[in-house]
Protein chains: 2
Amino acid sequence: MSGIKKKQPLAQRPSLTMADLAELAGVSKITVSRALSESTLVNAETRERIQALARKHGYKLNVSARNLRLRRSHTVAVIVEMKPSSGRTMWDPYPLSLLGGITQELTSAGYSVLLTTRQDAGNAAVQAADGLILLGQGARQDAVRLYDKLGLPMVVWGAAGQGGDNHTVVGSDNRQGGISAAERFLSIGRRHPVFIGNPDHPEMAQRLFGFVDELAGHGIKPLLLRRADFTLESGVDAVRSLSERKVRFDAIFACSDLLAMGAIRALVELGQTVPNDVSVIGYDDTPLGASFLPPLSTVRQNWQEGGVLLARKVLALIHGQPVQSQMMATTLVVRST
Amino acid sequence: MSGIKKKQPLAQRPSLTMADLAELAGVSKITVSRALSESTLVNAETRERIQALARKHGYKLNVSARNLRLRRSHTVAVIVEMKPSSGRTMWDPYPLSLLGGITQELTSAGYSVLLTTRQDAGNAAVQAADGLILLGQGARQDAVRLYDKLGLPMVVWGAAGQGGDNHTVVGSDNRQGGISAAERFLSIGRRHPVFIGNPDHPEMAQRLFGFVDELAGHGIKPLLLRRADFTLESGVDAVRSLSERKVRFDAIFACSDLLAMGAIRALVELGQTVPNDVSVIGYDDTPLGASFLPPLSTVRQNWQEGGVLLARKVLALIHGQPVQSQMMATTLVVRST
DNA sequence: CGATATCAAGATATCGATATCATATGCGGC
DNA sequence: GCCGCATATGATATCGATATCTTGATATCG
């Protein structure tokens, strides 16, 4: 019966439904539903039989139907900020292993990952998601508030305390990253450190605070060199400007490996040696930093793990469990600079 | 009536349905459906009125319901190969702007992007997708065949002709990339070129073929230096081995900027000058190559555009339009090497 | 003027799965 | 022999949207 339709108004590859399986097995479709969802309400033998039948005929669950009935989508929307022209976009190497971690964790929990950009987050599919993960500079106040209105479980990647702390934040412990750079400089007797980066960015600001606070404990006040671009040229330029201003410095903490490498290049040009005259620490532990000459010391963040954490938190929220913000430890990788 | 339910078995945030809107507007729900989908079957005035009402009450379409009825998911699954430990994974900087392009194009066409890894592509949600995009080394024969069985419109990123040409392939024109490197070397009078890369990888193989063929037309046969890793160290090592074997060479075409930079570093160590003694061309146009000293000549691929193209092709396939494989032009960026 | 378009809106059935309530059967205990 | 209870299965309603078929009203034409 059910196999033959009078009409097929919405032509499509005809796929097996539970009703079809039910007919094949000689049971009702509810029994099939129960058998396939491992319910104990159905006899073990029948269950096996139905499952075997499903496998044999390549039965595929209709996700839309289930989602409609259950009023959930089993989907988490990941909203990334896309600023294609910026020096540090979400499409940069690192934040992307975040996506990797997220995907791994969510899919293995049976959830789907819906990738979207900020622009079209008004999207019906996004609103239908069970939860939200915000990545990138999108973690700014306005954006966060915007998505908050959707009333969905939401987790944000970024700096702690960012955005009214009404929502869960996961990020790497930028403050601690700054502290460990400071500790390193102190331990090797540097007295005139410089910070290169953009304190307007909440994550960088945390690095700066950690750096400054730790140094302050030893009576040292670092110089802040504001640089918005995270390019190598920007690093070169920063150091040149220091030299022109005849600033005395013996250590540089840069907010990215690229900046750090630029700084080193400029130092070499100016006849300074690294690390003898000036010690340099970068941020992110890019593969290039390790191969740089001299090999770059840097602060490493574990993005992949961050992604996993983000995913776990949304899932917890979705299941109604209490969740707290969390900052992940960073590691200072000491190489030759 | 419809606002009040006797029971609420699956408790959830109560959201407005078309039926609710219909009651508010004093029309039937079909009219609402038509009004919201801009159908001309409904009076312009009524349409406006209903749309205003929908906006006012923050009506949200239930995607599952629509998808169920229409028997499509408005979703394209993007399957990425995840090999976290490899030197060149999908989570590398570049292939990721591919994702950017894909996302942009698909979402602006009203489709959702479902991100998955290879492992769980048996996933119900993936099977429910309207189309598939394969990224990364997943474009290998076995993987392609696996997904082919799903019978979904599918587009693969990779080298032309790869995998039985039963399916659509989009990629950058690696062969042409090889040719333009060869042309450049010929034009500056180099006679002893070397190719560094891994010809087992289909895309690299194309570069090699283009390189070899073009040179052959001028009676030159390049040396093939096989290197599986795409690290800077690998490039250093490659050049050292050339020097140890006392091979004579005056040009290097490397399959990645990192390899090329490593090669240059080794050349400098050996007292050779670039580009006077040896000319070097890399691949990918990474930001670092441009800032390298000396600035690296390289072959640029436009990943973002590739993503857009992939997306357009799946959409075309989904809509039943004929589609052809396409290779995107590459650009030789001549800098100082 | 009657016949036929044209336009606007409604009635109904349907997509595929599952929650809930109902039913049938078997079994032990008093 | 009847009640209660557990086990296994079925019937029905429902999730929210839309395709298709109808219906009614107005317009157009020979």
Side-chain angles (χ1 to χ4, degrees), chain A residues 1-23 25-50 54 59-74 124-125 127-128, chain B residues 1-23 25-50 54 59-74 124-125 127-128:
Chain A
M1 276 299 136
S2 117
I4 300 168
K5 308 270 162 55
K6 275 173 274 185
K7 284 187 185 177
Q8 199 143 4
L10 298 148
Q12 217 79 9
R13 62 210 147 95
S15 91
L16 233 53
T17 73
M18 284 196 174
D20 297 329
L21 274 184
E23 203 181 349
V27 299
S28 73
K29 45 181 191 154
I30 311 87
T31 305
V32 174
S33 171
R34 290 200 263 247
L36 294 182
S37 63
E38 305 287 350
S39 161
T40 54
L41 282 171
V42 50
N43 184 300
E45 200 184 331
T46 331
R47 196 193 320 156
E48 280 302 326
R49 190 164 54 88
I50 295 178
Y59 166 76
K60 293 179 189 78
L61 174 74
N62 183 320
V63 193
S64 300
R66 185 192 41 166
N67 289 346
L68 171 57
R69 183 68 246 249
L70 298 180
R71 288 155 159 266
R72 54 172 175 45
S73 63
H74 259 257
Q127 297 176 332
Chain B
M1 276 303 133
S2 115
I4 300 166
K5 307 271 162 52
K6 274 174 275 185
K7 286 186 185 177
Q8 199 144 4
L10 297 148
Q12 215 80 8
R13 63 210 147 97
S15 90
L16 233 53
T17 74
M18 284 198 173
D20 297 329
L21 275 184
E23 203 180 350
V27 298
S28 72
K29 44 183 193 156
I30 310 90
T31 304
V32 174
S33 171
R34 290 200 264 246
L36 294 181
S37 62
E38 304 287 348
S39 161
T40 54
L41 282 171
V42 50
N43 185 300
E45 200 184 331
T46 329
R47 196 192 316 155
E48 280 304 324
R49 189 164 53 90
I50 296 179
Y59 166 76
K60 293 178 187 80
L61 175 74
N62 182 318
V63 193
S64 300
R66 184 191 43 168
N67 290 345
L68 171 58
R69 182 69 245 250
L70 297 180
R71 290 156 158 265
R72 55 175 176 41
S73 62
H74 259 258
Q127 297 176 331

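A, B, ... follow the sequence lines: proteins, then strands. Residue 1 opens every chain. Only heavy atoms go into these numbers, but all of them, side chains included; no hydrogens, no water, no symmetry mates.
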Rounded to whole Å, the CZ-C1' distance (B:Arg66 to C:dG16) equals 17 Å
Please report, rounded to the nearest Å, how far the P atom of D:dG16 is from the CG atom of B:Leu21. 13 Å
Counting side-chain heavy atoms from CB outward, which of C:dA13, C:dG10, C:dA17 is closest to A:Lys29? C:dA17
Provide, to the nearest angstrom, the distance between the CD1 atom belonging to B:Ile50 and the C1' atom belonging to C:dA8. 11 Å
B:Leu41 has an atom CG; how far is it from atom C1' of D:dT20, in whole Å? 12 Å
Nearest-nucleotide pick for A:Asn43, side chain only, options being D:dA8, D:dT20, C:dG16: D:dA8
Out of D:dA11, C:dG16, D:dT20, whichever nucleotide has its closest atom nearest the side chain of B:Ile30: D:dT20
Could you check whether the side chain of B:Arg69 and the base of C:dT14 have a donor-acceptor pair of N or O atoms closer than 3.5 Å, going by distance alone? yes
Heavy atoms only, 4.0 Å cut-off, all strands: where does A:Val27 land among base, sugar-phosphate and nothing? sugar-phosphate
Could you tell me whether B:Ser64 contacts a base, only the sugar-phosphate backbone, or nothing, with contacts defined as non-hydrogen atoms closer than 4.0 Å? nothing
Report yes if the side chains of A:Leu36 and A:Leu21 come closer than 4.5 Å at any heavy-atom pair, otherwise no. yes
Across all strands shown, which nucleotide pairs with D:dG30 by Watson-Crick or G-U wobble geometry, both distances under 3.5 Å? C:dC1
What's the CZ-P distance between B:Arg72 and D:dA17, to the nearest Å? 14 Å
Between P of C:dA9 and CE of B:Met18, the distance in whole Å: 16 Å
Atom CD1 in B:Ile50, atom CE in B:Met18: separation rounded to 0.5 Å? 9.5 Å
Minimum side-chain heavy-atom gap B:Asn67-A:Asn67 below 4.5 Å: no
side-chain contact (heavy atoms from CB on, under 4.5 Å) between A:Thr17 and A:Asn62: does it pass, once the steps are laid out? CA-CA 8 Å; A:Thr17 73; A:Asn62 183 320; over 6 Å; no
Paired to D:dA25 by Watson-Crick or G-U wobble criteria (both distances under 3.5 Å) is C:dT6
Can you measure from CZ (A:Arg47) to CD (A:Glu38) and round to the nearest 0.5 angstrom? 6.0 Å
Counting only side-chain N and O atoms of B:Tyr59, is one of them less than 4.0 Å from OP1 or OP2 of D:dA17? yes
Could you give the distance from CD (A:Glu23) to OG (A:Ser28), rounded to the nearest 0.5 Å? 12.5 Å
Where the side chain of B:Leu68 is defined as all heavy atoms beyond and including C-beta, which of C:dG16, C:dA9, C:dA17 is the nearest nucleotide? C:dG16
Residue B:Arg71, side-chain heavy atoms: nucleotide from C:dA19, D:dG16, C:dC15 that is nearest: C:dC15
At under 4.0 Å, does any side-chain N or O of B:Thr17 touch on OP1 or OP2 of D:dG16? no
Strictly below 4.0 Å: does A:Ser33 bring a side-chain N or O up to OP1 or OP2 of C:dA17? no
d(CD, A:Glu38; P, D:dA8) in whole Å: 15 Å
Selection from D:dA8, C:dT20, C:dG10 that lies nearest to any side-chain heavy atom of A:Arg34: C:dT20
Among D:dA11, C:dG16, D:dT18, the nucleotide that comes nearest once only the side chain of B:Leu70 is considered: D:dT18
Taking atom P of D:dC15 as reference, at what distance in whole Å does atom CG of B:Asp20 sit? 10 Å
OP1 or OP2 of C:dG10 sitting under 4.0 Å from any side-chain N/O of B:Thr31? yes
Which part of the nucleic acid does A:Thr46 contact within heavy-atom distance under 4.0 Å: base, sugar-phosphate only, or nothing? sugar-phosphate
